[in-house]
Amino acid sequence: MAAYMRSMICLVSIERNVFRHSRGSGVIVETKRYVRGLRRNPVRVLFPENEADKVVKPRPQPAGRDVHREKGQKVKAAIKHPEEDFVKARSNVQATTTHAHVTGTKDQIDGLRFERAFPGDKRLGKLVSITRSRTFREHQGKILLEGRRLICDALNAGANPHMVFFSTADRLRELPLDKLKRATLVKVKFEDIKIWSDVVAPQGVIAIFARPDPLRLNFANKGDSVPLSLICDNIRDPGNLGTMLRCAAAAGCHDVLLTKGCVDAWEPKVLRAAMGAHFRLPIYQSLSWDDLEKHLPKSVTVHVADSSCGADRSEEIKNLQVNVSHKTLKAGDYGWVSTRSNRSNVRYEEYDSDTDSDCEEGAQSLPTVDSKLYHESWAQSPTALVIGGETHGLSVDAVQLAEKTSGYRLFIPVAPDMDSLNSAMAASILLFEGRKQLLKLT
């Protein structure tokens with residue numbers, strides 16, 4: 001060591017002399033430092049608490065380079081083993097603590113285990129995005145339910161829950177816990193639920209369910225139903241469809257049939273407007289008119305809801321009130337009827353006189369159905385009521401089915417110079433009138 005220090009002092013003195021000569025000659029010479037790392041030997045090694053009394057003292061350094069290298073390796077080995085033991089002990093303590101944290105009472109609510117969503121957990125946002133798209137809902141077979149009442153109705157009807165996101169333990173206890181044993185429960189922050197919720201004041205609980213099959217659900221009010229079916233034709237507004245489903249459930253309808261032009265019944269807006277009607281009566285959607293007839297009884301009579309939107313509406317009301325309601329009318333004479341067929345397969349070509357004559361012939365060949373006031377006798381057997389959308393109105397297929405089953409156009413008179421009723425409003429009036437007439441028969 002003394003020889004090494006003397007060599008270092010000589011190097012420093014040489015560099016100082018060179019620097020002095022360079023300043024006198026006007027030439028600047030850059031000095032270089034040659035630093036050699038010193039390998040220090042530990043005085044003692046500190047072990048964990050259980051081995052704190054053990055002290056390892058290094059032996060005196062023998063002469064020779066090989067002996068010095070061998071000694072360094074031995075000291076490294078002496079240091080390495082206690083560190084490994086300490087790391088292993090620490091990992092065991094962490095594993096024990098983690099296991100106790102998972103199985104502890106903090107992660108259980110009334111015997112149900114739940115997970116805590118860590119920062120950056122994207123499961124809630126991903127599932128909400130999937131259930132908001134009709135394509136993904138049909139492909140993944142999942143729906144989103146939000147709020148205590150809607151989730152409870154689904155669980156009581158036998159729907160299959162996949163995941164439940166909740167903000168507090170009290171929100172989870174409001175649900176029937178015995179029916180959530182197979183679901184994955186995840187506790188998230190209320191701010192996360194507020195971000196992905198569609199309502200202004202979220203309740204702090206969101207559930208992802210499997211898309212229910214109406215044949216497998218247990219409906220509570222089956223015994224109070226009447227032989228009355230609601231057929232929704234081209235209902236595009238989610239609020240209107242949800243209100244119709246709610247009215248159908250309140251009126252005790254047997255089932256609800258939706259044609260292919262209707263909005264998805266499991267859209268979140270429809271679910272909120274229906275207030276649990278999806279789990280109180282069967283709902284069959286995306287039906288063609290051929291498949292729709294298979295869901296109806298053989299002795300059914302199909303009626304269509306109609307409104308008067310023509311300029312001579314007041315005269316029609318007077319004529320209906322003086323017992324000329326059985327007058328034969330053409331399709332398109334009233335407001336909720338569309339004389340245009342489905343245009344999905346129509347090819348647009350140049351206009352000529354032949355096409356004009358063809359359209360006139362098609363308009364003349366539309367079915368004719370008698371009309372009745374809504375409070376007259378029309379529900380005397382198993383009945384189906386068709387409600388058309390406000391934009392496109394009833395399709396020709398609906399009027400043809402009414403003609404085929406000897407049905408009627410049901411007309412609700414309104415005050416002069418007023419537009420027709422909302423389709424959901426008209427449906428509620430006609431459904432309860434039909435229920436009243438059917439109950440009189442029994």
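Only a predicted model underlies this, so the values are computations on that prediction, with no experimental measurement involved.
- Taking 4.5 Å as the limit, some side-chain heavy atom of Arg137 sits within range of a side-chain heavy atom of Asp264.
- Counting all heavy atoms, side chain and backbone alike, Pro214 lies closest to Phe219 at O-CE1, 3.5 Å.
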>> Please determine whether side chain to side chain donor-acceptor pair (under 3.5 Å) holds for the pair Glu138 and Thr135, giving the CA-CA distance in whole Å, both sets of side-chain angles, and the decisive distance to 0.1 Å.
In response: CA-CA 5 Å; Glu138 295 176 352; Thr135 304; 6.0 Å; no
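- Using a 4.5 Å cut-off on side-chain heavy atoms (C-beta onward), Ile283 and Asp255 make no contact.
- Of all non-hydrogen atoms in Ile193 and Pro202, the two that sit nearest each other are CG2-CB, 4.3 Å.
- Distance check: Thr131 OG1 to Leu144 CG gives 4.0 Å after rounding to the nearest 0.5 Å.
- In this structure the side chain of Leu180 reaches within 4.5 angstrom of the side chain of Leu175, judged on heavy atoms.
- Within the 3.5 Å criterion, the main-chain N or O of Cys152 finds a donor-acceptor partner in the side chain of Asn156.
- For Arg246 (side chain) and Met275 (main-chain N/O), no donor-acceptor pair under 3.5 Å exists by modelled atom type.
- A side-chain donor-acceptor contact under 3.5 Å links Gln437 to the backbone of Glu376.
- At a threshold of 4.0 Å, the pair Arg280-Asp153 counts as salt-bridged, since one of the basic side-chain nitrogens sits closer than that to a carboxylate oxygen.
- Side chain of Glu146 to backbone of Ile206: no donor-acceptor contact under 3.5 angstrom is found.
- Minimum interatomic distance between Leu245 and Ala277 (heavy atoms only, all atoms of both residues): O-CB, 3.3 Å.
- Thr405 and Val302 make their closest contact through OG1-N, 3.0 Å (heavy atoms, listed as atom of the first residue, atom of the second, distance).
- A salt bridge links Asp107 with Arg116: at least one charged nitrogen is closer than 4.0 Å to a carboxylate oxygen.
- For the pair Phe432/Lys436, no side-chain contact is recorded, criterion being any heavy-atom separation below 4.5 Å from C-beta on.
- Atom CG of Leu430 and atom CZ of Phe411 lie 11.5 Å apart (nearest 0.5 Å).
- The CG atom of Leu145 sits 4.5 Å away from the CD1 atom of Ile143 when rounded to the nearest 0.5 Å.
- Residue Leu258 holds its CG atom at 9.0 Å from CD1 of Ile235, rounded to the nearest 0.5 Å.
- Considering only heavy atoms from C-beta on, Ser229 stays 4.5 Å or farther from Val256 through its side chain.
- Contact check on Glu174 versus Arg149 returns no salt bridge, with no Lys/Arg side-chain nitrogen under 4.0 Å from an Asp/Glu carboxylate oxygen.
- Here the OG-CD distance, from Ser423 to Glu390, works out to 4.0 Å after rounding to the nearest 0.5 Å.
- Using modelled atom types, no side-chain atom of Lys372 and backbone atom of Arg409 make a donor-acceptor pair closer than 3.5 Å.
- Under a 4.0 Å N-O distance rule, the pair Arg173/Asp170 qualifies as a salt bridge.
- A side-chain N or O of Asp291 and one of Ser288 form a donor-acceptor pair less than 3.5 Å apart.
- At most 12 non-hydrogen atoms from other residues, nucleotides or ligands lie less than 6.0 angstrom from NZ of Lys269.
- With contacts defined as side-chain heavy-atom distances shorter than 4.5 Å, the pair Ile412/Ile429 qualifies.
- Side-chain contact between Pro161 and Leu155: present, with at least one pair of heavy atoms (C-beta onward) separated by less than 4.5 Å.
- A side-chain donor-acceptor contact under 3.5 Å links Thr383 to the backbone of Ser381.
- Rounded to the nearest 0.5 Å, atoms SG (Cys262) and CG (Asp237) are 11.5 Å apart.
- Taking the six-membered ring where tryptophan is involved, the planes of His278 and Trp266 are tilted, since the angle between them lies from 30° to 60°.
- Proximity of a side-chain donor or acceptor of His303 to a complementary backbone N or O of Tyr408 within less than 3.5 Å is detected.
- The minimum heavy-atom distance between Asp198 and Arg132, with the atom names listed, is OD1-NH2, 2.7 Å.
- Residues Lys404 and Glu293 are paired through a salt bridge, judged by an N-O separation under 4.0 Å between the basic side chain and the carboxylate.
- Considering only heavy atoms from C-beta on, Asp397 stays 4.5 Å or farther from Thr259 through its side chain.
- Between Phe166 and Phe114, the two ring planes are perpendicular [angle over 60°; tilted spans 30° to 60°].
- Leu281 approaches Ala248 most closely through the heavy-atom pair CD1-CB, 4.1 Å.
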